[in-house]
Visitor: 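Here it is, the structure in full.
Please read all numbers here as calculations on a predicted model, not as lab measurements. Excluded from the calculations below are hydrogen atoms, water molecules and symmetry mates; all remaining heavy atoms, backbone and side chain alike, are included.
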Amino acid sequence: RVSPAQPTFWRWILSDGFLDILPAEKGVTLYVGIGNSLRADDHAGVYITERLDVTDKIKTVNAGEKPELGYDEAIDIKPAKVVFIDAADMGLEAGSFRILYEDTISVRSMSTHKMPVPLISKLIREETGAEVVICGIQPMTVEHMKEMTEPVKDMCNTIISIINNS
C-alpha cells in the first residue's frame, strides 16, 4: 500500500487520480481492459490488463471491444471495486490520464462500444454494490494496423507499475 511516508514523487503522481485506480483495501478489484489491439493507442486498456499481476485480490478481464464482458465477470465474482480502462479522446495531450465520471461522459463519445461503459458501470454498481471507476487514457492515434505510440505506452507502463507495486 502507498503511504504518506513514501517519496514525494509518488505522493504527487498518486494525487492526480491514480489513487482511484489502486486495488480496494478489502475484497477483490476487477480491472477491465477495453480496446482493439489492431488500432494503435485504442489498445491501451487491454495492454494494461494483460500485464497486471493477477492475485487473490486482483482479477482482470480483457474485454476487447466488448466492455459488457466486464459486467459478466463482475456479476460472477462480486468484486469490491471495478476499474474500466480505455482509450478516451478527451482533447488532452497524448498519454494523459483522467478519471472519467459516468454523468459527464457523453454516450456518443463511447459509441465505438456496443454497450456504453457508463451504462455498464451503473448496472455493476446497482447489482453488486461495487465501487466503479472509469479510467481514460488520451490516444494519439487509433489508426488501423499501427503500433501503440510512446506517450500512451509510457502512461500504460506507469499505471501497470503503480497497480503491481501497490
Visitor: Considering only Ile, Leu, Val, Met, Phe, Trp and Tyr, and joining two whenever side-chain heavy atoms are under 4.5 Å apart, list the other residues clustered with V46.
Guide: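 Direct or chained contacts put V46 with none.
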Visitor: What heavy-atom pair brings L100 and A88 nearest, and what distance separates the two atoms?
Guide: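 In this case the closest contact between L100 and A88 is CD1-CB, 3.9 Å.
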Visitor: So do the side chains of I137 and I85 get within less than 4.5 Å of each other, counting heavy atoms only?
Guide: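 Side-chain contact under 4.5 Å: yes.
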Visitor: How far apart are the C-alpha atoms of T158 and F97, what are their side-chain angles, what is the distance that settles it, and do they pass the side chain to side chain contact (heavy atoms under 4.5 Å, CB included) test?
Guide: CA-CA 10 Å; T158 297; F97 159 89; over 6 Å; no
Visitor: Y31 and F84: aromatic ring centres closer than 6.0 Å?
Guide: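 Judged by ring-centre distance (under 6.0 Å), Y31 and F84 do not meet the cut-off.
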Visitor: Please give me the minimum heavy-atom distance between L22 and S166, naming the atom from each residue.
Guide: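 Answer, listing the atom of L22 first, then S166: CD2-CB, 3.6 Å.
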Visitor: At their closest point, which heavy atom of V152 faces which heavy atom of G95, and how far apart are they?
Guide: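 Nearest pair, atom of V152 first, then G95: CG2-N, 3.9 Å.
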Visitor: Are the side chains of C156 and M148 in touch, meaning some heavy atoms are under 4.5 Å apart?
Guide: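 Yes. Closest side-chain heavy atoms under 4.5 Å.
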Visitor: Taking all heavy atoms of V54 and all of I58, pick out the closest pair and write down the distance.
Guide: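 In this case the closest contact between V54 and I58 is CG1-O, 3.3 Å.
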Visitor: side-chain contact (heavy atoms from CB on, under 4.5 Å) with V142: which residues, sequence neighbours excluded?
Guide: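 V142 satisfies side-chain contact (heavy atoms from CB on, under 4.5 Å) with R39, D42, P139 once adjacent residues are dropped.
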Visitor: Hey, are the side chains of T49 and V32 touching, using non-hydrogen atoms and a 4.5 Å cut-off?
Guide: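 They are not in contact (no side-chain heavy atoms under 4.5 Å apart), so the answer is no.
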Visitor: Is any side-chain heavy atom of L30 less than 4.5 Å from a side-chain heavy atom of V61?
Guide: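 They are in side-chain contact.
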Visitor: Is there a side chain to side chain donor-acceptor pair (under 3.5 Å) between D41 and T149? Walk through the geometry before answering.
Guide: CA-CA 6 Å; D41 297 340; T149 62; 2.9 Å; yes
Visitor: Do E131 and V82 come within less than 4.5 Å of each other through their side chains, counting heavy atoms only?
Guide: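 No, every pair of side-chain atoms sits at 4.5 Å or beyond.
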Visitor: As an exercise, state the distance from CE of M145 to CD of E143, rounded to the nearest 0.5 Å.
Guide: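 Nearest 0.5 Å value for the CE-CD distance: 12.0 Å.
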Visitor: Distance from I124 atom CD1 to E73 atom CD, nearest 0.5 Å?
Guide: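 So the gap between those two atoms works out to 10.0 Å.
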Visitor: Please tell me if the side chains of P23 and K57 come closer than 4.5 Å, counting only heavy atoms from C-beta onward.
Guide: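 Sidechains of K57 and P23: no contact.
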Visitor: NZ of K66 to CD1 of I120: how many Å apart, nearest 0.5 Å?
Guide: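 So the NZ of K66 and the CD1 of I120 are separated by 12.0 Å.
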Visitor: So, for C135 and I21, which heavy atoms are closest and what is the spacing to 0.1 Å?
Guide: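 What the structure gives for the nearest pair is CB-CG2, 4.2 Å.
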Visitor: Give a yes or no on whether the backbone of D20 and the side-chain of K81 come within a donor-acceptor separation of less than 3.5 Å.
Guide: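 Indeed, once roles are kept as given, a pair shorter than 3.5 Å links the two residues.
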Visitor: Any chain of hydrophobic side-chain contacts (each under 4.5 Å) joining M140 to I48?
Guide: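 They do not share one cluster, since no chain of ILVMFWY contacts under 4.5 Å joins M140 to I48.
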Visitor: Would the distance check show the side chain of Q138 and the main-chain N or O of L92 forming a donor-acceptor pair, the cut-off being under 3.5 Å?
Guide: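 Yes.
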Visitor: Heavy atoms, side chains only, cut-off 4.5 Å: are H43 and E147 in contact?
Guide: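 With C-beta onward as the side chain, the pair stays apart.
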Visitor: Using 0.5 Å steps for rounding, measure from the OG1 atom of T128 to the CG atom of D76.
Guide: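 Atom-to-atom, T128:OG1 and D76:CG are 11.5 Å apart.
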Visitor: Would a 4.5 Å heavy-atom cut-off, applied to side chains only, mark T29 and K59 as touching?
Guide: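 Side chain of T29 against side chain of K59, heavy atoms only: no contact under 4.5 Å found.
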Visitor: Residues two or more places apart in sequence or in another chain: which of them pass salt bridge (Lys or Arg N to Asp or Glu O under 4.0 Å) with R125?
Guide: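 Applying salt bridge (Lys or Arg N to Asp or Glu O under 4.0 Å) to R125 gives E102.
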Visitor: Once rounded to the nearest 0.5 Å, what's the spacing between atom CD1 of I160 and atom NZ of K153?
Guide: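 Output value for this atom pair is 10.0 Å.
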Visitor: Can you tell me if NZ on K122 sees more than 12 non-hydrogen neighbours from other groups inside 6.0 Å?
Guide: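 For K122, atom NZ is not crowded (no more than 12 foreign heavy atoms under 6.0 Å).
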Visitor: Look up atom CD in E127 and atom CD1 in I75, then write down how far apart they are to the nearest 0.5 Å.
Guide: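 Between E127 CD and I75 CD1, I get 4.5 Å after rounding to 0.5 Å.
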Visitor: Among the clusters formed by ILVMFWY side chains lying less than 4.5 Å apart, do I159 and L19 turn up in the same one?
Guide: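 Yes, I159 and L19 fall within the same hydrophobic cluster.
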Visitor: Looking only at heavy atoms, which two atoms of M90 and R98 are closest? And how far apart?
Guide: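 Scanning both residues completely, I find the closest heavy atoms to be SD-CB, 3.7 Å.
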Visitor: Same hydrophobic cluster for I99 and I162, using side-chain heavy-atom links shorter than 4.5 Å among ILVMFWY?
Guide: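 Yes, it is one cluster - the side chains of I99 and I162 are joined through contacts under 4.5 Å.
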